Amino acid sequence: MSTEAIPAEKPKRNYNALFGLTLLALLVLLWIILSVATPSFASANNISNLLRQGSMIAILAVGQTFVIITGGIDLSVGAVVGFATVIVAMLINAGVPVFIAILLTLLVGVAIGMFHGFGIVRMGLPPFIITLATLTSLRGIGLLMTNGNSISINNDAFQLFSRSSFLGVPNLFWMVILVGIPAYIFLHHSRWGRYLFSVGSNAEASRLSGVNVQRTIYMAYTLSGLCAAFVGVLLASRIGIGNPTQAEGWELQAIASSVIGGTSLFGAVGSVHGPLLGAFILATINNGANLLNVNAFWQRIITGALIIVIVYFDGLRRRGK
Amino acid sequence: MTSTAQELHPAPTLEPGRTILELKGLEKRYPGTHALKPVDLAFKAGEIHAIVGENGAGKSTLIKLLTGVMPRTSGDVMWEGHPAALATPHEAMALGINAVHQEVVLCRHLTVAANMFLGEEDSRFGILQQRAMVRQAQKIIDDLGFDLPAHVVLGDLTIGQQQLIAAARATVRGTKFLIFDEPTAYLTRKEADQLFTLIRRLKGEGVTIIYISHRMEEVFELADRVSVLRDGTLVGTRTISETSEPELVRMMINRSIEQIYHKEHFTPGAAIVEARNLSGKGFENVSMTVRAGEIVGLYGLIGAGRSEFVTTLYGRHRKSAGQILWQGKPVQVNSEHDAIRLGMALAPESRRDQGLCLNLPVGLNLNLPIYKRISNNLLISNAQEKTEADRQIADLRIKTPTRNALASSLSGGNQQKIVIGKWLAHGAKLFIFDEPTVGVDVGTKAEIYRLFGALLSKGAGIILISSYLPEVYELADTLHVFRRGKLVATQGFRTADHEEILTQALAEKQEKLGGQT
C-alpha cells in the first residue's frame with residue numbers, strides 16, 4: 001500500500017547493538033594493548049582486581065542510566081554509597097544479622113531515591129538541585145553519625161565475601177551480573193522500561209497517552225538509590241569499614257560510564273550493556289595507567305579526553321543517520 | 001509595481017519593480033516526503049507578495065529555505081542577480097533577508113529593548129549602553145505607532161504584542177526582504193491593524209514583503225501579487241487586481257470541497273459525555289453534549305479556550321466548577337488516567353510538544369497507551385508489540401521504513417497518523433481531535449476524515465477542534481463557537497454561513513478589515 005520509495009534506514013535497535021559492539025571492541029583492544037605492553041596486566045590476579053574495581057562503578061552506572069534516560073541526573077549516588085557503608089557497618093556492629101543489615105541498608109537507599117522523586121515530582125525541584133542537596137547533606141549526616149570516624153566492621157564473613165571468587169570470577173563481578181540481567185529485562189522488555197524512555201523523550205506526550213509520569217520518575221530515582229546502597233554494602237565489605245567520606249566523586253564516574261556507554265544526557269537514549277562496558281573501560285584505563293606507571297593525575301585527564309572523544313563520535317553517527 | 005510613499009525613504013538598493021530574489025528550480029526533499037517540488041518564482045523589489053496554500057502545501061519549507069534554516073535539495077536562488085547559497089540563517093540575514101515567524105522566537109526573559117538589539121548591542125568600552133538602547137528602542141516603537149514600553153520584559157507582553165516587537169526588530173536590521181509567516185494568527189484586530197500599518201510603511205521604504213497567510217481577506221487587502229502553493233508545487237502567481245477569492249481557493253484546493261470533506265451522517269445515539277457548566281483555566285461555564293455517532297466541532301480563534309476545555313475534560317487540568325457526566329453518570333476526572341479508563345482519547349494540538357516522543361521509534365509511540373495490555377505482569381510480549389504496531393502502520397498507511405524508525409524521521413502527516421493511531425489500538429468511546437490536520441497534506445487530510453467516519457460508525461463520538469473554519473463547517477454535526485473562553489454560539493450541520501460563524505468567533509465587528517472592497 002505505502003509504495004513511496006523511502007531511503008532505507010537502520011533500525012534503532014541494531015544501532016544500539018552496533019554501538020555496544022564498538023565499545024566491546026574498544027575494551028578488548030585496550031586489554032590486548034595492555035597485555036602486550038605490561039607483563040602483569042594479563043595475570044589472573046590483576047584481572048580479578050580490575051573486575052573488582054570496575055564492578056562497583058558499573059552497578060552505580062546502571063542505576064544512573066535509568067535516571068538519565070528519563071532526562072534527569074542523580075548526583076547523590078557517591079554520597080549514598082558512603083552513607084550506606086556507615087549504615088551497614090553500624091547495623092552489623094550492633095549485632096543485627098548480616099542479611100537483615102543489608103536489607104535495611106538497601107531500604108535506606110530506596111528511601112533516599114523516593115525522597116528525590118518527591119523533591120522532583122511534588123516540590124518541582126530540578127533533579128540536579130535535589131540530588132546535589134542530598135549529596136552534601138548525606139555526607140554531613142554520615143559524619144554526624146560517626147563523629148567523623150571510620151567504623152570498623154566486626155564481621156569477617158561479611159568482609160570475606162568481596163574478596164572471594166566463585167568459579168574463578170570475583171564475587172563482586174557476579175554482583176554486576178546479578179544486577180545487570182534484571183536491569184536489562186526491566187529496561188528493554190518491561191513496560192516500565194518503555195515508560196522510562198517515553199518520559200525522557202516527551203513527558204507531556206507520555207502523560208497524555210496514559211503513562212503515569214510521576215510514578216515513572218519515582219521509580220527511576222528509587223532504582224538509582226537502591227543500586228547506590230547496594231554498592232555501599234559491597235564497598236563496606238571490600239574495605240571493612242563504614243566511612244561517610246568514601247566514594248568521593250563516584251557519581252561523576254558513574255555518569256561518565258553511562259555517557260561513554262551511549263546514554264544521552266538529553267534523555268530517551270540508553271541501554272544497560274553500554275554503561276557496564278563504559279565502567280570497565282574506565283577501570284581498564286585506570287588499571288593500565290597504574291601498571292604503566294602513568295602519573296595518577298594523567299589518568300583523570302585521559303578519562304576526560306576519552307569522554308569527549310566517545311561522545312563526539314557517537315553524536316556524529318547519530319546525526320549522520 | 002507600486003511607487004507610493006517613495007518620497008519619504010529612498011529604496012534600499014533596487015528601484016521598485018526590479019527582481020530582487022529569484023528562485024530557479026528550488027526543491028526540497030525530506031525522508032519520505034517531497035516537500036517542495038521545483039519552484040520558479042521571481043520576487044520584485046518593493047512588492048507585497050502573498051503566498052497562500054493549505055497546511056502542508058510547502059509554505060513553511062519555502063521560508064526555511066529562504067532564511068537559511070535548512071539547506072535546499074537542489075535549485076538556485078538568485079539574490080539581486082547573483083547566486084546565493086543561503087546555507088545559514090546568518091548568511092540570509094547578512095543579505096537582508098529576515099523573517100517574522102508565527103510563533104515568536106525571541107528571548108522571553110530579556111527586555112523588549114534587549115531583544116530589539118540582540119546580537120547588535122550598543123556598547124561603549126565593553127559596557128552595554130542599556131539606557132541608550134531602551135531610548136532608541138522606544139523611539140523605534142513609537143515611530144511605528146505601537147503603544148508598547150521598551151523597558152519591560154518581553155514575556156510580560158501578550159503574544160500579539162511580542163509579535164509586533166518581532167516585526168519591529170526585523171525592521172531595524174537593514175532588512176530588504178521580510179517574510180511574515182501567518183503573523184496575525186495570534187493577534188487581536190487592533191494589533192493586526194498596527195501590523196498592517198507597519199507592513200505598508202516598510203513597503204513604502206522599498207522593502208520586499210512576503211506575506212504568508214490563510215486569511216484571504218488579508219491577502220486581498222495587503223498584497224500586490226499572490227502565489228499559490230499546493231502539495232509542494234507552485235500552482236500559479238496572480239496580480240491581486242486580476243484574481244478573486246474563488247479562483248485562489250480553486251487553485252489551492254484543486255478539488256471540490258465534497259471530495260476532501262468526507263462526511264457520513266449517522267443517527268446520533270446516547271450521550272457519551274456531557275459537560276455541565278464546566279469552568280477551568282482559560283474557559284468558563286461551558287456546557288455541551290457529545291453523542292455516539294456525532295462530530296461536535298469547536299471553532300474559534302487560537303486562545304479562545306477550546307484546547308483548555310478539552311484538556312480539562314481529559315483530566316489534564318483541574319476544573320474549577322461544573323460537572324462532567326459520562327454516559328449519564330456524574331464522574332470525577334482527576335487525571336488523564338481517569339479519562340483514559342473511562343474511554344476518552346486525546347490527539348493533542350501540538351504533535352511536537354504533546355503528541356509524540358519524537359526521538360523514539362514509531363512502534364513505541366503507537367503502543368504507548370497499550371503497553372499494559374500487551375505485557376503480562378512483568379514482560380512485554382515482543383510478538384504482540386510487533387503485530388500491534390505493524391497493524392496500525394498498515395491500516396493507517398503510515399509511511400515509515402519500519403516500526404523501528406524514529407518518529408522524528410517521518411513527515412508531519414505521517415506523524416499525525418501516529419498520534420491518532422495509538423488510540424485506535426487502545427480503543428475509546430470519545431475521541432478528541434485537537435487541530436488534527438495542521439501541517440498535514442491534503443491526501444492525509446482526506447484519510448483522517450474518512451477515519452472519523454469509521455470511528456463514528458462503530459458508535460464513538462468525536463470532538464473536533466479546528467481553527468480552519470471549512471473543516472469544522474463541513475464535518476461537524478454540531479458546531480460550537482468559542483470566544484474568549486466562552487461558548488458563544490451553537491449551530492447544527494451547515495445551518496449558518498461562514499461569515500456568520502466568523503463574526504461570532506471574532507465578535508468585534510469586522511471594522512475595516514472584514515470587507516474585501
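Small disclaimer: the values here were computed from a predicted structure and weren't measured. Note that these values count all heavy atoms, side chains included, but never hydrogens, waters or copies made by symmetry. Chain A is the first sequence line, chain B the second, and so forth, proteins listed ahead of strands; every chain is numbered from 1.
Heavy-atom pairs under 4.5 Å with chain A were tallied for B/His426, B/Arg352, B/Lys372, B/Lys422; the largest tally goes to B/Lys372. The choice from B/Leu364, B/Leu346, B/Asp353 that makes the most heavy-atom pairs within less than 4.5 Å of chain A is B/Asp353. Top candidate by heavy-atom pairs under 4.5 Å with chain B, chosen from A/Gly210, A/Gly200, A/Ser198, is A/Ser198.
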**Item:** side chain to side chain contact (heavy atoms under 4.5 Å, CB included) evaluation trace for A/Asn202 with B/Leu358
**Value:** CA-CA 8 Å; A/Asn202 190 337; B/Leu358 279 173; over 6 Å; no

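Looking at heavy atoms from C-beta onward, B/Asn382 lies in side-chain contact with A/His189 at the 4.5 angstrom threshold. Side chains of B/Tyr314 and A/Leu208 form a contact here, defined as non-hydrogen atoms less than 4.5 Å apart.
Of the atoms belonging to A/Tyr195, it is side-chain heavy atoms, and not backbone ones, that fall under 4.5 Å from chain B. Contact annotation for B/Asn376: only backbone heavy atoms (N, CA, C, O) come within less than 4.5 Å of a heavy atom of chain A. Contact annotation for B/Ile340: only side-chain heavy atoms (C-beta onward) come within less than 4.5 Å of a heavy atom of chain A. For chain A, no part of B/Arg341 is nearby; none of its heavy atoms comes within less than 4.5 Å.
Atom CZ in A/Arg194 sits 12.0 Å away from atom CG in B/Asn365 (nearest 0.5 Å).
A donor-acceptor pair under 3.5 Å is absent between the side-chain atoms of B/Asn359 and the main chain of A/Ser201, judged by distance alone.
Nearest approach of A/Ala205 to B/Leu356, heavy atoms of both residues: CB-N, 3.6 Å.
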